[in-house]
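Reading through the structure tokens given below for one structure.
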Amino acid sequence: VFAQPPGFAEHAAATQLLAAGKGAAAVESAFKALARSEDFASPDWSKETPQGNIVLDEFTGTANAAYRGQRAAYRVTLGAALAATGDAEGAAREFGRAVALDDRPETWRRLADLPGMPLSTRVEFLLRSWIGSGGTVHWSGRQKCSEGPGGHAPQTGAKDEWKIVRGLCL
């Protein structure tokens with residue numbers, strides 16, 4: 001039987017509370033999961049074998065990646081709970097922290113889906129999600145970004161509204 005990582009029970013509770021539509025309670029439980037999982041301590045295997053330092057280095061790298069993934073999942077849950085309570089700014093902050101820990105396409109998608117997100121930012125996040133899940137962007141033409149997508153001028157006439165994202169004018 002494997003021990004669950006710190007904060008696992010609180011994270012599971014937060015997920016269940018979200019599914020039940022209890023956003024405020026889910027926020028509280030998600031915060032508890034993050035608080036319980038703050039410390040990372042790898043065991044000292046270097047004493048167990050003559051080649052222990054190599055084992056420890058490999059284990060620490062793997063454990064660190066797992067820890068970052070766990071913390072990212074907890075942050076995504078907290079972001080979803082904050083979004084459920086109407087705190088889009090807090091949700092964006094937590095989703096942003098999650099992608100900094102573990103760059104997952106579904107987290108970029110959650111960021112893009114937040115209410116009040118500017119269109120250019122929403123498109124950028126959707127592209128990051130799409131590319132992260134295996135999509136590619138192919139650009140085969142030349143275009144001035146001042147012309148906008150498809151060669152059309154921006155409706156407002158402001159040339160600086162269009163951003164270049166991976167070679168596309170948006």
Side-chain angles (χ1 to χ4, degrees), residues 5-8 10-12 14-19 21 23-24 26-27 29-38 40 60-170:
F8 178 83
E10 293 82 359
H11 180 250
T15 302
Q16 290 174 344
L17 289 165
L18 266 174
V27 168
S29 190
F31 268 121
K32 287 179 183 177
L34 283 166
R36 293 220 41 229
S37 68
E38 269 183 359
F40 171 71
T60 301
T62 302
N64 189 31
Y67 172 76
R68 291 173 65 86
Q70 170 195 344
R71 294 280 294 176
Y74 292 0
R75 292 229 175 254
V76 167
T77 301
L78 177 56
L82 289 167
T85 63
D87 185 358
E89 185 177 315
R93 181 183 60 247
E94 293 305 321
F95 291 150
R97 288 174 176 169
V99 295
L101 290 168
D102 192 7
D103 189 15
R104 293 183 173 259
E106 55 271 16
T107 308
W108 286 111
R109 178 59 189 234
R110 287 177 181 257
L111 270 165
D113 289 343
L114 288 173
M117 190 65 59
L119 180 60
S120 61
T121 304
R122 184 180 304 265
V123 170
E124 178 183 348
F125 291 164
L126 288 172
L127 280 172
R128 286 177 184 259
S129 173
W130 182 63
I131 291 167
S133 63
T136 58
V137 174
H138 298 286
W139 183 249
S140 62
R142 293 179 181 233
Q143 173 184 27
K144 295 178 185 174
C145 279
S146 62
E147 294 174 352
H152 303 288
Q155 290 180 354
T156 62
K159 294 180 180 182
D160 60 348
E161 273 192 29
W162 301 101
K163 292 173 73 175
I164 298 177
V165 178
R166 299 208 184 238
L168 293 176
C169 296
L170 303 172

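Note that the structure is a prediction, hence the values are computed from the model and not measured.
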- Query: Do any N or O atoms from the side chain of Y74 and from the backbone of F8 form a donor-acceptor pair under 3.5 angstrom?
  - Reply: yes
- Message: How close do D102 and R68 get, counting heavy atoms only, and between which atoms?
- Response: CB-O, 4.4 Å
- Query: So, R36 side chain and P6 main chain: donor-acceptor pair closer than 3.5 Å or not?
  - Reply: no
- Gap between atom CZ of R109 and atom CG of L111 - 0.5 Å precision: 11.5 Å
- Message: Quick check for you: to the nearest 0.5 Å, what is the distance between E10 atom CD and L17 atom CG?
- Response: 11.5 Å
- Does any N or O in the side chain of T85 come within less than 3.5 Å of the main-chain N or O of L82, such that one atom is a donor and the other an acceptor? yes
- Message: Tell me the closest heavy-atom pair linking A14 and A30, and the distance in Å.
- Response: CB-N, 3.7 Å
- Side-chain donor or acceptor of R122 paired with backbone N/O of L114 under 3.5 Å: yes
- Do side-chain atoms of S129 reach the backbone of F125 as a donor and acceptor pair under 3.5 angstrom? no
- Can you see which heavy atom on A91 is nearest to which on G79, and at what distance? CB-O, 3.2 Å
- Task: Measure the spacing between CG of L78 and NE2 of H11 and express it to the nearest 0.5 Å.
- Result: 9.5 Å
- Message: Tell me whether the count of non-hydrogen atoms from other residues, nucleotides or ligands lying under 6.0 Å of CZ in R97 goes above 12.
- Response: yes
- Would you name the heavy atoms of G7 and A33 that are closest together and state the gap between them? O-CB, 3.4 Å
- For the student: nearest non-hydrogen atoms of V99 and R104, plus distance: CG1-O, 4.4 Å
- If we only count heavy atoms from C-beta on, is the W108 to L126 side-chain gap below 4.5 Å? no
- Message: As an exercise, state the distance from CG of L119 to CD of E124, rounded to the nearest 0.5 Å.
- Response: 11.5 Å
- When rounded to the nearest 0.5 angstrom, what is the spacing between CZ in R110 and CG in D113? 9.0 Å
- Message: Quick test of your reading of the model: are R93 and E89 salt-bridged, counting only N-O distances below 4.0 Å?
- Response: no
- Message: With heavy-atom distances below 4.5 Å as the criterion, would you say the side chains of L18 and Q16 are in contact?
- Response: no
- Looking only at atom types and distance, does a side-chain atom of T107 sit under 3.5 Å from a main-chain N or O of D103, one as donor and one as acceptor? no
